[in-house]
Each structure stands twice: as structure tokens, then as C-alpha cells.
**Q** 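Could you have a look at this structure, given as C-alpha cells, before my questions?
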Amino acid sequence: MSPGRAAIVRDTALPLPVYRRGKVRDLYDLGDRLLVVATDRISAFDHVLPTPIPDKGRVLTALSAFWCARLDGVDHHVVAAAWDALVSAVPVLADHPELEGRTMLVDRCQRIDVECVVRGCLAGSAWEEYQRSGTVAGEPLPPGLRHGSLLPRPLFTPATKASVGHDENITYRDLAERVGPEVAAQLREASLHLYQQAARHARRCGLILADTKFEFGWRRGRLTLIDEVLTPDSSRYWDAAAYPDALVPVDKQYVRDYLVACGWDRSPPAPPLPPEVVAATRQRYWETYRRLTGGGDTAP
């Protein structure tokens with residue numbers, strides 16, 4: 001995949017039953033399978049912004065497919081991501097070439113309604129909690145850590161999966177009460193296993209995987225990785241060459257930082273992004289893809 005001038009896809013209207021439209025992805029119901037189309041929409045602070053990011057959906061899809069093929073030890077839901085295979089399975093796609101590179105066919109799973117967050121560094125809501133109480137997800141941490149500090153060990157910090165509004169961090173005990181102790185242990189083990197594999201690979205590629213979130217479901221009684229995987233939307237990536245002196249984001253944090261700096265109070269409507277922020281965001285997404293996969297070039 002290369003960063004060519006592909007068409008911007010903000011919305012889709014395939015002649016298929018709609019399963020759900022999320023902030024970024026449109027899902028179509030194919031019975032025991034789903035067709036997942038990643039658009040170029042971008043969200044921040046629980047709002048979809050009015051300005052799309054060109055090629056963003058292509059990067060999200062390519063990275064999710066890359067990681068699902070690379071990671072081991074946990075089943076995943078991807079059936080097909082190659083265009084020829086997709087058109088063969090879902091012939092109506094032949095009439096929508098603009099969706100090439102941003103579409104996946106996946107097995108339908110029974111989703112477990114929690115976010116499985118793993119943190120290797122102190123950032124985001126974990127940093128805010130640490131400043132207040134010296135803990136993360138209720139677990140005490142050593143004093144004197146700074147924003148961005150490498151944690152003594154990766155931490156599994158689950159959160160609620162909110163259909164509307166913001167996800168809320170919960171403790172491991174809360175998780176066990178929600179899903180049962182055996183399932184909670186499975187989720188923690190799988191999440192840490194996946195994070196450790198990904199963090200090692202990212203470090204070799206010049207990136208720090210500060211934190212990420214996974215989602216899981218059940219397929220034929222087996223725990224299965226679903227949704228997007230280790231993308232710049234769902235993960236916090238920093239440039240390793242600048243770390244720890246500076247936390248240089250190559251992910252969606254760049255957009256969040258802009259929105260904070262421009263004074264948006266997070267109330268609707270969300271403000272549009274200026275062209276220079278759109279271009280810089282696109283560049284960061286492509287750079288993350290290029291480094292992690294070794295494919296493509298830096299976006300112009």
C-alpha cells in the first residue's frame with residue numbers, strides 16, 4: 001500500500017443491511033459475518049469531527065490486518081482483507097472501488113463489553129490518576145514517576161465499553177464482577193501477551209507503544225480478538241528517538257492536542273480542522289504504518 005491520492009470516504013451506502021455505524025467504521029450484516037469499512041472520519045473527545053483525514057481508513061485497515069496476521073497466541077476475527085477475496089465473497093463491492101484497502105470481512109462474534117487497555121508508559125488518564133492518588137487502576141505505583149515514564153511492568157487497566165459518551169476506567173476487581181473471574185483472567189492474560197509482542201516489534205521499528213486497547217469476543221467458545229488492532233486511533237505511539245526527553249506523538253494525540261490548544265470546550269459542534277492539521281495528521285498515520293510494516297512511503 002502506498003500513500004497515493006485515494007478518494008476521501010466519509011460515509012458509505014452499500015446495498016447491504018447495516019449492522020451499526022460507529023464513529024469511524026460502518027458495519028454491514030452478512031449473517032454469521034460482518035463487512036467492516038473504515039472511513040476517513042476522525043473522532044476526538046467522543047465527537048466525530050467534521051473534517052476527514054484522507055487515507056486514514058486505509059491505514060487503519062492495513063495495520064489491523066498486519067497485526068492480526070503477525071500476533072500469535074490469540075484467535076482473531078479477520079476472514080479476508082485482500083480486495084480480490086472480498087469481491088469474490090461480497091460481489092457488490094465490485095461497484096465500489098473506492099472501498100479497496102479500507103474493507104475487511106470478519107467473523108461475527110459475541111462481543112465482550114469491556115475495553116482491555118494495556119499501559120507500558122504513564123500517560124493519558126493513567127497519568128491523571130497517578131497525579132491524584134499515586135495509583136493506576138487502583139494499583140499503587142512508585143513515587144516520583146513523570147509524564148511518559150516507563151512503568152515497572154505493563155499494566156492491564158480495563159474500562160467500560162460505553163455506547164454513548166466516554167469509557168470509564170474500572171479496577172480488575174470490577175472487571176471480575178462484571179464478566180466473572182475466569183473470563184477476567186483470560187482477558188488480562190491475552191491483552192498482556194498481545195501488548196508485549198507488539199511493543200517489542202514497535203521498539204525495533206523506532207516507536208514506543210505507550211498504551212493500547214484491545215477488544216474481544218466469543219467465537220465458537222473461544223476468546224477472539226476483534227475490532228481494530230494497534231492502530232494510531234486505538235494506541236498511543238511515540239517516536240522512540242525523542243523518548244524520554246520528549247513525547248512526540250505519531251497517532252491521534254496530535255489532533256487532541258490541537259483541539260485543546262484551540263480552546264474547544266468539547267461541546268458540540270466539534271470544530272473543523274485546518275488544512276495544515278489535516279496534512280500533518282495524515283503524515284503521522286502514514287509514518288506509523290510505514291515504520292511498523294516496512295511498506296509504503298512517507299505521505300507527500
Side-chain angles (χ1 to χ4, degrees), residues 19-20 22 25 27 32-34 36 60 63-79 81 104-126 129 135-141 150-163 166-203 209-231 233-237 292:
Y19 176 74
R20 178 170 56 85
R25 287 168 180 77
L27 283 69
D32 60 353
R33 289 178 173 171
L34 298 173
V36 182
L60 300 184
L63 273 177
S64 291
F66 167 81
W67 284 115
C68 282
R70 181 180 184 88
L71 299 170
D72 62 33
V74 181
D75 291 350
H76 62 76
H77 69 159
V78 177
V79 175
M104 290 198 301
L105 182 66
V106 303
D107 280 331
R108 189 168 178 169
C109 300
Q110 181 184 353
R111 190 178 74 177
I112 301 171
D113 287 329
V114 293
E115 299 272 7
C116 293
V117 180
V118 182
R119 304 178 186 276
C121 300
L122 194 55
S125 61
E129 179 186 338
T135 64
V136 171
E139 180 174 332
L141 291 181
L150 190 68
L151 294 172
R153 56 183 173 80
L155 293 180
F156 174 69
T157 63
T160 60
K161 177 68 176 173
S163 57
H166 192 63
D167 299 333
E168 297 292 338
N169 295 336
I170 58 176
T171 66
Y172 183 75
R173 178 177 292 181
D174 292 332
L175 174 66
E177 290 177 355
R178 286 170 178 260
V179 301
E182 291 185 4
V183 173
Q186 282 185 272
L187 293 172
R188 178 172 60 185
E189 181 180 356
S191 299
L192 290 170
H193 177 70
L194 294 172
Y195 172 83
Q196 288 161 348
Q197 291 181 70
R200 287 194 297 268
H201 176 76
R203 192 65 179 86
L209 178 58
D211 55 50
T212 192
K213 66 95 177 173
F214 300 108
E215 292 190 36
F216 297 92
W218 297 109
R219 181 184 59 178
R220 295 188 284 274
R222 292 179 62 88
L223 189 69
T224 302
L225 181 64
I226 65 172
D227 201 62
E228 64 182 314
V229 180
L230 293 157
T231 73
D233 268 12
S234 64
S235 310
R236 203 183 305 268
Y237 286 106
L292 289 171

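Model, not experiment: these values are computed from the prediction.
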**Q** Nearest heavy-atom pair of Phe216 and Leu223: which atoms, and what distance?
**A**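 In this case the closest contact between Phe216 and Leu223 is CB-CD1, 3.8 Å.
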**Q** Nearest 0.5 Å, what's the NE2-CD1 distance between His77 and Ile226?
**A**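 Rounded to the nearest 0.5 Å, the NE2-CD1 separation comes out at 6.5 Å.
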**Q** What's the shortest heavy-atom distance between Gly138 and Pro140, and which atoms?
**A**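 Here Gly138 and Pro140 meet closest at O-CD, 3.6 Å.
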**Q** Which heavy atom in Gly120 sits nearest to a heavy atom in Leu150, and how many Å separate them?
**A**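 Reported closest heavy-atom pair: O-CD1, 3.5 Å.
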**Q** Quick check: does any side chain N or O of Thr160 sit under 3.5 Å from a backbone N or O of Glu168, one acting as donor and the other as acceptor?
**A**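 Yes.
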**Q** Under the side chain to side chain contact (heavy atoms under 4.5 Å, CB included) test, which residues partner Glu177, sequence neighbours left out?
**A**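 Per chain and number, Glu177 pairs via side chain to side chain contact (heavy atoms under 4.5 Å, CB included) with Arg173, Asp174.
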**Q** Testing the basics here: between Ala190 and Val74, what is the closest heavy-atom pair and its distance to 0.1 Å?
**A**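 So the two residues come closest at CB-CG2, 3.9 Å.
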**Q** Would you give me the side-chain donor-acceptor pairs under 3.5 Å for residues 178-188, sequence neighbours excluded?
**A**
{"unit_1": "Arg188", "atom_1": "NH2", "unit_2": "Tyr172", "atom_2": "OH", "d": "3.4"}

**Q** For the residue pair Leu141 and Leu151, what are the closest heavy atoms and their distance?
**A**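 Heavy atoms of Leu141 and Leu151 come nearest at CD1-CD2, 3.8 Å.
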**Q** Could you list all the side-chain hydrogen bond (donor to acceptor under 3.5 Å, both in side chains) pairs where at least one residue sits in residues 65-74, not counting sequence neighbours?
**A**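 side-chain hydrogen bond (donor to acceptor under 3.5 Å, both in side chains) check on residues 65-74 returns Arg70-His201, Asp72-His193, Asp72-Gln197.
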**Q** Where do Ala198 and Leu71 come nearest, in terms of heavy atoms and distance?
**A**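 The pair with the smallest heavy-atom distance is N-CD2, 4.3 Å.
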**Q** Does some side-chain heavy atom of Val136 sit less than 4.5 Å from a side-chain heavy atom of Leu122?
**A**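 Heavy-atom side-chain distance check passes, below 4.5 Å.
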**Q** Check side chain to side chain contact (heavy atoms under 4.5 Å, CB included) between Glu139 and all other residues, then give those that pass, not counting sequence neighbours.
**A**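 For Glu139 the side chain to side chain contact (heavy atoms under 4.5 Å, CB included) partners, ignoring immediate neighbours, are Arg153, Leu155.
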**Q** When rounded to the nearest 0.5 angstrom, what is the spacing between OH in Tyr195 and CZ in Phe214?
**A**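 Going from OH on Tyr195 over to CZ on Phe214, the span is 9.0 Å.
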**Q** Can you sort out the partners of Arg25 under side chain to side chain contact (heavy atoms under 4.5 Å, CB included), two or more places apart, ordered by chain and number?
**A**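 Listed in chain order: Leu27, Val36, Ala38, Leu60, Glu228.
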**Q** Tell me which pairs pass salt bridge (charged side-chain N to carboxylate O under 4.0 Å, His left out) where either residue lies in residues 211-221, with sequence neighbours left out.
**A**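 Sorted pair list: Asp107-Arg219, Glu115-Lys213, Arg119-Asp211, Lys161-Glu215, Asp211-Arg236, Lys213-Glu215, Lys213-Asp227.
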**Q** Run the side-chain hydrogen bond (donor to acceptor under 3.5 Å, both in side chains) test against Thr212 and tell me which residues pass, sequence neighbours left out.
**A**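 Scan of Thr212 (side-chain hydrogen bond (donor to acceptor under 3.5 Å, both in side chains), adjacent residues dropped) gives Ser235.
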**Q** Between atom CD1 of Ile170 and atom CG of Leu175, what is the distance when rounded to the nearest 0.5 Å?
**A**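 Between atom CD1 of Ile170 and atom CG of Leu175 there are 5.0 Å.
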